[in-house]
J.: 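I'd like to ask you about the structure that follows.
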Amino acid sequence: MRETYLAKAISATEGVSTEYDKNVKFLLSDRQILAYIIKYSVTEFMGMSIKAIMSCIGDDIEVATKSTEPGLTNLGKITGTATECTIPNEGSNTFDIRFSVYSPNGEYKFLINVEAQKHSYASKLGYHLKNRVVFYLARMISAQKETEFINDNYDDMKKSISIWLCMNSKKNEDSIEEIYLDKRTLFGNPPEYECPDLMRGIIIRLRSREDVQESKNQLIAMLETLLSKQSAETKKNIISQKYGLIISTDLERRINTMCNLSEVILEDALREGLEKGLEEGREKERCKIILNMLKKNTSYEQISEFLELPIDEIKKIEKRLSP
């Protein structure tokens, strides 16, 4: 039985520092996981099923792996709208994952950005995370001019939601908080109007420690399991049996390029390189990943595309490291 993208993603990241925020992007590119995040953090979708939310994801998201089995067509890795936001005279800004979601009746469109954040404290970042959230939301709003609305048609702006997963929270800090526009009257009796709900930041705090009790929040508990240091098989069993996510099915098409994980490999290599030399550290981690991917029946072409390494070189490494 072939595995879905999610199953292969979990397997491929086994033993490769899955707590790193860059690696989270690799795992989060599964459509089911994004739907799960939306269900438990975006108010408008909280009463819907995961399957229903997946069907609300817009046409600007391409599903890389499709199944002919009923009900499984939308499973797979997604490639959303361009992740680089370039605005004239404002420079460029890169988002981790960005995509559109529509309300069940198709009347409203939401622009959603999901960010993976390894550190969240100002002492480590050098700035307060909430300020960065506000900046990202402002860019998501300003980038809509001449794309989502033209000229002065400001009422056509779409609601922008930036969701941040912070993975180094303290033992009792598992939480979900929301940042949004509010209003208050400083003088007089202004006419009644609703405060525009166009910008919303959501910060989800996860704990990377293994000695914490399971979170009482369904989303946090699932994500902490997904990103834990448990074996791939253990994580797949828990996510499938406890949280109802589909892991295995008859899939014919190969998974897409394992995007973003290369940055994790580099980060691990740099850390190990402090002791053994940068190049030696990089080479060791690269060999480790090649063997891991080969064990998961990943094709030479996929490995080559992922590591930007010639197939001949991959085969040489395989031959050299084989027992």
J.: Membership question, hydrophobic clusters at under 4.5 Å side-chain separation (ILVMFWY): are L219 and V212 in the same one?
T.: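 V212 and L219: separate clusters.
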J.: Considering non-hydrogen atoms only, spot the tightest contact between I220 and S175 and give its length.
T.: CD1-N, 3.4 Å
J.: Under the side-chain contact (heavy atoms from CB on, under 4.5 Å) rule, what do Y300 and L294 come out as? Steps first, then yes or no, please.
T.: CA-CA 8 Å; Y300 291 118; L294 288 170; 4.0 Å; yes
J.: Nearest 0.5 Å please: distance from the CD1 atom of I204 over to the CD atom of E115.
T.: 12.5 Å
J.: Closer than 4.0 angstrom, basic N to acidic O: yes or no for E173 and R207?
T.: no
J.: Do K158 and E148 sit within salt-bridge range, that is, some charged N less than 4.0 Å from a carboxylate O?
T.: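 Yes, K158 and E148 are salt-bridged.
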J.: A side-chain contact here means heavy atoms from C-beta on lying under 4.5 Å apart; do I179 and I203 qualify?
T.: yes
J.: Does N151 reach the main-chain N or O of N153 with its side chain, forming a donor-acceptor pair under 3.5 Å?
T.: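 Checked: no pair found.
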J.: Does the Lys NZ or Arg CZ of K130 fall within the cation-pi geometry relative to F135 - under 6.0 Å from the ring centre and within 45° of the axis?
T.: no
J.: Hey, any chance Y136 and V134 share a hydrophobic cluster, counting ILVMFWY side chains that come within less than 4.5 Å of each other, even indirectly?
T.: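 Different clusters.
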J.: Do Y108 and Y102 make the cut of ring centroids closer than 6.0 angstrom?
T.: no
J.: Just by modelled atom types, is the I112 backbone N or O under 3.5 Å from a matching donor or acceptor in the K159 side chain?
T.: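 No; judged by distance alone, with no hydrogens or angles, the pair does not exist.
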J.: Of I38, L245, I50, V114, which meets side-chain contact (heavy atoms from CB on, under 4.5 Å) against I33?
T.: L245
J.: Is there a side-chain contact between L226 and K235, using heavy atoms and a 4.5 Å cut-off?
T.: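 With C-beta onward as the side chain, the pair stays apart.
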J.: Could you tell me the separation between the NZ atom of K51 and the CD atom of Q32, rounded to the nearest 0.5 Å?
T.: 11.5 Å
J.: For R200, does its backbone N or O pair with a side-chain atom of E178 as donor and acceptor, under 3.5 Å?
T.: no
J.: Grab the two heavy atoms, one from C166 and one from S169, that are nearest each other, plus how far apart they are.
T.: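 Closest heavy-atom pair between C166 and S169: O-OG, 3.8 Å.
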J.: Of all heavy-atom pairs between A221 and Y243, which one has the smallest distance, and what is that distance?
T.: CB-OH, 3.3 Å
J.: How close do I97 and F99 get, heavy atom to heavy atom, and via which atoms?
T.: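 Nearest pair, atom of I97 first, then F99: CG2-CD2, 3.8 Å.
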J.: For the NZ atom on K216, are there more than 12 heavy atoms of other groups (residues, nucleotides or ligands in this structure) within a distance under 6.0 Å?
T.: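 No, NZ of K216 has 12 or fewer neighbouring heavy atoms, counting only those of other groups under 6.0 Å.
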J.: Heavy-atom distance under 4.5 Å between the side chains of V101 and L34, does that happen here?
T.: no
J.: So do R205 and D174 actually touch side chain to side chain, heavy atoms under 4.5 Å?
T.: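 No. Closest side-chain heavy atoms not under 4.5 Å.
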J.: Is the distance between the ring centroids of Y40 and F45 under 6.0 Å?
T.: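 Ring centroids of F45 and Y40 are no less than 6.0 Å from each other.
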J.: Please name the pair of heavy atoms, one in G47 and one in K39, separated by the smallest distance, quoted to 0.1 Å.
T.: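 Smallest interatomic distance, heavy atoms only, reads C-NZ, 4.4 Å.
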J.: Under a 4.5 Å cut-off applied to non-hydrogen side-chain atoms, are R320 and C287 in contact?
T.: yes
J.: Main chain of Q144, side chain of T147: is a donor-acceptor contact present, judged purely on distance under 3.5 Å?
T.: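 It does hold such a pair.
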J.: Assess whether atom OH of Y127 is packed by more than 12 heavy atoms of other residues, nucleotides or ligands within 6.0 Å.
T.: yes
J.: Checking S215 side chain against N217 main chain: does a donor-acceptor pair fall under 3.5 Å?
T.: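 The answer is yes, because a donor-acceptor pair under 3.5 Å joins these two groups.
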J.: Surrounding CZ of F149 (heavy atoms of other residues, nucleotides or ligands, distance under 6.0 Å), is the total greater than 12?
T.: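 Yes, the 6.0 Å shell around CZ holds more than 12 heavy atoms from other groups.
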J.: With a sphere of 6.0 Å drawn around CG of D155, does it hold more than 12 non-hydrogen atoms of other residues, nucleotides or ligands?
T.: no
J.: Side-chain contact test, heavy atoms from C-beta onward, threshold under 4.5 Å: evaluate it for I37 versus I163 and give yes or no.
T.: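 Yes, close enough: below the 4.5 Å cut-off.
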J.: For residues V133 and G201, report the shortest heavy-atom separation together with the two atoms involved.
T.: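 It is CG1-CA, 3.8 Å.
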